[in-house]
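In what follows, chains carry the letters A, B, and so on, assigned in the order in which the sequence lines appear, proteins first and then strands, with residues in each chain numbered from 1. Computed from heavy atoms alone, side chains included, the values below leave out hydrogens, waters and symmetry copies.
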2 protein chains.
Amino acid sequence: MSGDKRREQILQTAFDLFSHRGFSGTTTKDIAKSAGVSEAMVFKHFSSKDELYGALVEAKTCNEGFRKYPWEENEAVMTAMEAKDDFGVFYHFALKALNKHQEDIAFMRMIFFSALEGHEIADRFFQTFVGEIYNFLGGYIKTRQKDKVFRKIDPRIIVRAFLGMMIHHSLNNILWDKKRTLLDIPNEEAAKNFAEIILQGVAVQEG
Amino acid sequence: MSGDKRREQILQTAFDLFSHRGFSGTTTKDIAKSAGVSEAMVFKHFSSKDELYGALVEAKTCNEGFRKYPWEENEAVMTAMEAKDDFGVFYHFALKALNKHQEDIAFMRMIFFSALEGHEIADRFFQTFVGEIYNFLGGYIKTRQKDKVFRKIDPRIIVRAFLGMMIHHSLNNILWDKKRTLLDIPNEEAAKNFAEIILQGVAVQEG
DNA sequence: GTCTATATGACGATAGAC
DNA sequence: GTCTATCGTCATATAGAC
């Protein structure tokens, strides 16, 4: 196998293991074995376990998956936003996010492990990626507040409440309620309910 | 030091370290050193690292801290519930939970680490403790739906949305946004806003 | 109840052959 | 590009003295 191809394969294997067991719970021997190579090969491509992990998180946060925000490649959100279709904005945003979480459980686990284990790369991810989401949704909320459609609440609180519903729901499914004994609903229904609750919750009330 | 006292001290020390670095990130040597004893002492009290961890999670989930639900020792929630003061119920519940999370960061971290690392004790905690919360809040929500004050949404979705706001908010503060750069508000304000959003969000609308 | 010393193996990482 | 062999260190756990 070529160097680049092998490197990618080791990265992917390492990703699966790190996301499952965390940094200190994964050994270089495990990685080598799963990748079907010797440990020496791993250290030919990455000078240390730390470097391997760093390259991994870097690749996964910057190049793939979560480089795309839930509104990119999601025409529905942008269209709804231009039309000031509030339900469309929040529903499609939530649905995209929930689907993404479900498809990329390994990534979610890796980010949580990084955060718990205190790798500063997790910090950077949150300051950029999550910060950007606060700006994006917060901006729309501000507009709708000026339109006197949403109540005057700190937009960041609304974003936090809304993201909280989605992320907590995904986290429940990934970490604890894998069999969905507590609440087993399709993402469409969850997105619809979350969007309805938040929208009615922040709407200006008549009278 | 007496055996029991020493045992407790080792447990507490281990708790601090495990919650900070996770199971595989913590060594028995670290624990011994932090407790100010030799490693041999640790193994006199606990036959293995696994047993120590098990005893720890058991003690922390069953005997202390989270044995108490957010409505126990919280007269405000029960009083509000009897008076059908919806805002009182949700506000005081949220405030209690947020304060608890903030006071017991170590416990929160330990539970998340356990869940990620797949210790089945975390599962048990969630099925009992969290399940009980769903019953408690869900029961109240059902009552208010019969009163035609809350809309007909699956009560578990409402509980999930509400818990999501709180837990996500606490998790943000604990894991990523420790400096609170994104959103720095007192628990009272967060609880008030979350309660208002969820209540208005699920209220029966006029017309 | 507490320690020092040590057994046994795992872990991260390297050397050097092919 | 890949391997086997190995090194030094650290980890869990035990033995036995005080």
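- Legend: residues meeting side chain to side chain donor-acceptor pair (under 3.5 Å) with B:Asp154, ordered by chain and number and at least two apart, are B:Arg156.
- Every residue two or more places apart in sequence or in another chain was checked for a ring-ring contact (aromatic ring centres under 6.0 Å, His included) with B:Tyr140, and none qualifies.
- Qualifying side chain to side chain donor-acceptor pair (under 3.5 Å) partners for B:Thr13, counting only residues two or more places apart in sequence or in other chains: none.
- With sequence neighbours excluded, no residue forms a salt bridge (Lys or Arg N to Asp or Glu O under 4.0 Å) with B:Lys96.
- Taking the screw axis at each terminus of the helix from C:dG1-D:dC18 to C:dC18-D:dG1 from five consecutive base pairs, the angle between the two is 0° to within rounding of 10 degrees.
- Screening residues 118-127 of chain A for side chain to side chain donor-acceptor pair (under 3.5 Å), with sequence neighbours left out, gives A:Glu117-A:His119.
- Residues passing the side chain to side chain donor-acceptor pair (under 3.5 Å) test with B:Arg144 are B:Asp86, B:Asp147, sequence neighbours excluded.
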**Prompt:** Quick one: what's the B/S/- string for nucleotides 2-14 of chain D, heavy-atom cutoff under 4.0 Å, read 5' to 3'?
**Reply:** BBB------SBBB

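- By the side chain to side chain donor-acceptor pair (under 3.5 Å) test, A:Gln200 is found to be paired with B:Arg151, residues two or more places apart in sequence or in another chain being considered.
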